[in-house]
Protein chains: 2
Amino acid sequence: MDVETHAQLVAELREDVADFWQPLQSIARVDTRSLSPLAFYRQYVSKSVPVILTHAMESEQWQHVRTAWQDDEYLVQQAGDGEITVDITPFGYGDAVLELDRENELFVMPEERRMTLREFFRVLNDREGFDGVPYLSHQNDSLRDEFPRLYAQVPPCIELGKEAFGNDPDAVNIWIGDERAVSTMHKDHYENMYCVVKGRKHFTLLPPSDVACLYEREYPSARYRHESTLGQDAYDEATTAAFHSCHPEDTSWFIVPSEETGMTPWIPVDPLRINIKRYPLADHLNPLQCVVEAGETLYLPAMWYHRATQLCPTISVNYWHDMDFDCRYVYYNYVHRVAKAMDSGNKNKQS
Amino acid sequence: MDVETHAQLVAELREDVADFWQPLQSIARVDTRSLSPLAFYRQYVSKSVPVILTHAMESEQWQHVRTAWQDDEYLVQQAGDGEITVDITPFGYGDAVLELDRENELFVMPEERRMTLREFFRVLNDREGFDGVPYLSHQNDSLRDEFPRLYAQVPPCIELGKEAFGNDPDAVNIWIGDERAVSTMHKDHYENMYCVVKGRKHFTLLPPSDVACLYEREYPSARYRHESTLGQDAYDEATTAAFHSCHPEDTSWFIVPSEETGMTPWIPVDPLRINIKRYPLADHLNPLQCVVEAGETLYLPAMWYHRATQLCPTISVNYWHDMDFDCRYVYYNYVHRVAKAMDSGNKNKQS
């Protein structure tokens, strides 16, 4: 198959997605009270269609959380003096492909710094004085793990999700950050009930089949480290020099190789700023954007690609449920493998 | 992409199907009374997994049907003297690719002959005297359309299907035939609740993604006609001569071109008798076989490929429900288009 035939097949795939799968303009808002678990499953989960659920956070428990958690001081008192894990980056992109030059691209993760919740709020609010963008995005069950007293305040699940998926959440996470912090395009192997407690969350979404246009490749793994915490730790001198040369305003940050992680597969395409010349198939993408308001819940189907940020200081809680690895996963893998075969065939021809 | 890469991708697709989708050895039997509509939807419909449902035909209505319909004379009296449509073929393959030689392949449909149900049972039972294989397989709502008094005896739907799919059946069909009649590998755009009333039905099943291995191609359309009904109708002399030369025992049958139908896309691979040399990717197929007994219901998901026959004189009723054209359909189309592109690229290279 030549590159033109593949581009034509990807264009047809994208047309089918527009006709049969991805809502074209916007994510629907649906009143949870009108949805039986079967209707939710049939219309959204089985079809792998995201939807914003309203009125899913109206129990007494949620009402307390939605009111009390507006106050940082209340949260600080509940959390106590234990240390928590905060992700810190020079300019807000945690877990992202860092392009230094065409030959020098890395997958860079944030520095993970331990501090109290009080200290986190202090640096989050000190935009001028603190060097870096802090984001409480530790995930992997962070709410249960690091904030047991706050976890005790939220319901153990969104009932509609539990009944429809037929299982309890595998992980419950808390997310606190502002408009500077961005999670770049990625997917999770979880059904996601994402609840905004305070503020406004902005999502950019792509269906799993868009893996055909996203040029996922393997990058050497690295981490940001700030000079104030680096101490004697070894950093990558050449890469750090290249980084300083590309980002002269961030010379207090260093790049530390992450050899235990090895190579990481990640997506270099930012659907909000596409380099069409370099990634021509990304021209087919039709990114879907939505804002989830406080009190709303985004059902984000497993395997959907998402880029997420906040529009203001925002607190969210999300429930991750095991996904079903079924025929959709089989099909996804096939689209992914064809894309990889074509990408590597193409690169070989160029080199 | 070269042929070897494509073969490797198809092999990996098939491994994923075995790991995550298609049961490897046999179709499960599940007691309908243990399945809520949500559980049925989540475990079978959404995952597109066939299952044999037991105890779905136990209402009083079904018990009457399952008893009374064992008797051909009872059915004849209910059906009355109206004419019905019977499919007749020389050796049992209706709707099939007929391979006369490498350059001469057709899609051939059965002769459709009008007769009473009494006449149908007479010819069905007269194996020596009647020239051809009769099969009552008119579909397209045949039970409602041609047998209103028999339709009135069966329930209007299988309740579990109606509740899970969320719609009433679009068509209800009756099927009567014996082990000589075969429906060759094809798919339907319907969710199918297939109920065996009498006898035993044998299915060979392949998941939709096997379109990657099935070499679907376009064939000129034609119909069988028996000399006794042909009269002055024009037949295709060259094709009929080729047919008589390949099938010297069937010289009473003629091939009539079906120009209104034009070209028909069909599958030349018979998964029970694979020509690996001609269709090498079909080597990956792992056909699943099952026998549905009287009183059982096969849930056959939309788009699954199926070859069907009977093991003895068998009567079935099936309910077709609208399918959802969703992400699975989008993915299916992609696998199909890649297969077509590779097949035509390969044929071009050979010619």
Side-chain angles (χ1 to χ4, degrees), chain A residues 1-6 8-22 36-49 163-167 207-209 212 301 303-304 324-346, chain B residues 1-6 8-22 36-49 163-167 207-209 212 301 303-304 324-346:
Chain A
M1 195 195 308
D2 56 24
V3 175
E4 289 70 32
T5 306
H6 182 238
Q8 177 61 29
L9 290 171
V10 170
E12 287 166 3
L13 171 63
R14 210 51 203 66
E15 279 169 39
D16 271 2
V17 166
D19 288 346
F20 298 110
W21 186 356
Q22 178 189 321
S36 69
L38 173 56
F40 174 56
Y41 202 91
R42 188 165 55 209
Q43 290 170 44
Y44 300 103
V45 183
S46 173
K47 291 186 165 58
S48 189
V49 170
E163 286 185 52
F165 306 137
N167 57 35
S209 59
M303 309 284 287
W304 268 70
D324 280 327
F325 290 84
D326 60 12
C327 58
R328 295 170 301 176
Y329 179 69
V330 168
Y331 279 131
Y332 166 86
N333 280 344
Y334 181 72
V335 177
H336 192 177
R337 290 195 190 109
V338 172
K340 273 199 282 198
M342 293 303 299
D343 190 28
S344 82
N346 200 22
Chain B
M1 195 195 308
D2 56 24
V3 175
E4 289 70 32
T5 307
H6 182 238
Q8 177 61 28
L9 290 172
V10 170
E12 287 166 3
L13 170 63
R14 212 46 201 71
E15 279 169 38
D16 271 2
V17 166
D19 288 346
F20 298 110
W21 186 356
Q22 177 189 321
S36 69
L38 173 57
F40 173 56
Y41 202 91
R42 188 165 55 208
Q43 290 171 45
Y44 300 104
V45 183
S46 173
K47 290 187 166 58
S48 189
V49 171
E163 285 185 54
F165 306 136
N167 57 34
S209 58
M303 309 284 288
W304 269 71
D324 280 326
F325 289 84
D326 60 13
C327 59
R328 295 169 300 177
Y329 179 70
V330 169
Y331 279 131
Y332 167 86
N333 280 344
Y334 182 72
V335 177
H336 193 179
R337 290 194 190 110
V338 172
K340 273 199 281 198
M342 293 304 297
D343 190 29
S344 81
N346 200 22

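Chain letters run A, B, ... following the sequence lines, proteins first and then strands; every chain starts at 1.
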Residue pairs involving residues 9-19 of chain A (criterion side-chain hydrogen bond (donor to acceptor under 3.5 Å, both in side chains); sequence neighbours excluded) = A:Q8-A:E12, A:E12-B:R337, A:R14-A:Q22, A:R14-A:D210, A:D16-B:N333, A:D16-B:R337
Which portion of [X] sits near chain B, non-hydrogen atoms under 4.5 angstrom:
| X | answer |
| --- | --- |
| A:S209 | both |
| A:F165 | backbone |
| A:P207 | neither |

State, yes or no, whether a side-chain contact exists between [X] and [Y] at a heavy-atom distance under 4.5 Å.
| X | Y | result |
| --- | --- | --- |
| A:S46 | B:Y41 | yes |
| B:R328 | A:R328 | yes |
| A:V335 | B:Y334 | yes |
| A:M1 | B:V338 | yes |

query = Looking at B:F325, B:F20, B:Y331, which has the largest count of heavy-atom pairs under 4.5 Å with chain A?
reply =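 So the answer, after comparing B:F325, B:F20, B:Y331, is B:Y331.
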message = Taking side-chain contact (heavy atoms from CB on, under 4.5 Å) as the definition, give me every residue that meets it alongside A:A39, ordered by chain and number, with sequence neighbours left out.
response = A:L35, A:S36, A:Q43
message = Under a 4.5 Å cutoff for heavy-atom pairs, which residue among A:A341, A:C327, A:A164 has the most contacts with chain B?
response =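 Heavy-atom pair counts peak at A:C327.
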key: Minimum heavy-atom distance between A:R42 and B:E163, given as atom pair plus value   = NH1-O, 3.1 Å
query = How many angstroms lie between atom NZ of A:K340 and atom OG1 of B:T5, to the nearest 0.5 angstrom?
reply =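 Reported value, rounded in 0.5 Å steps: 13.5 Å.
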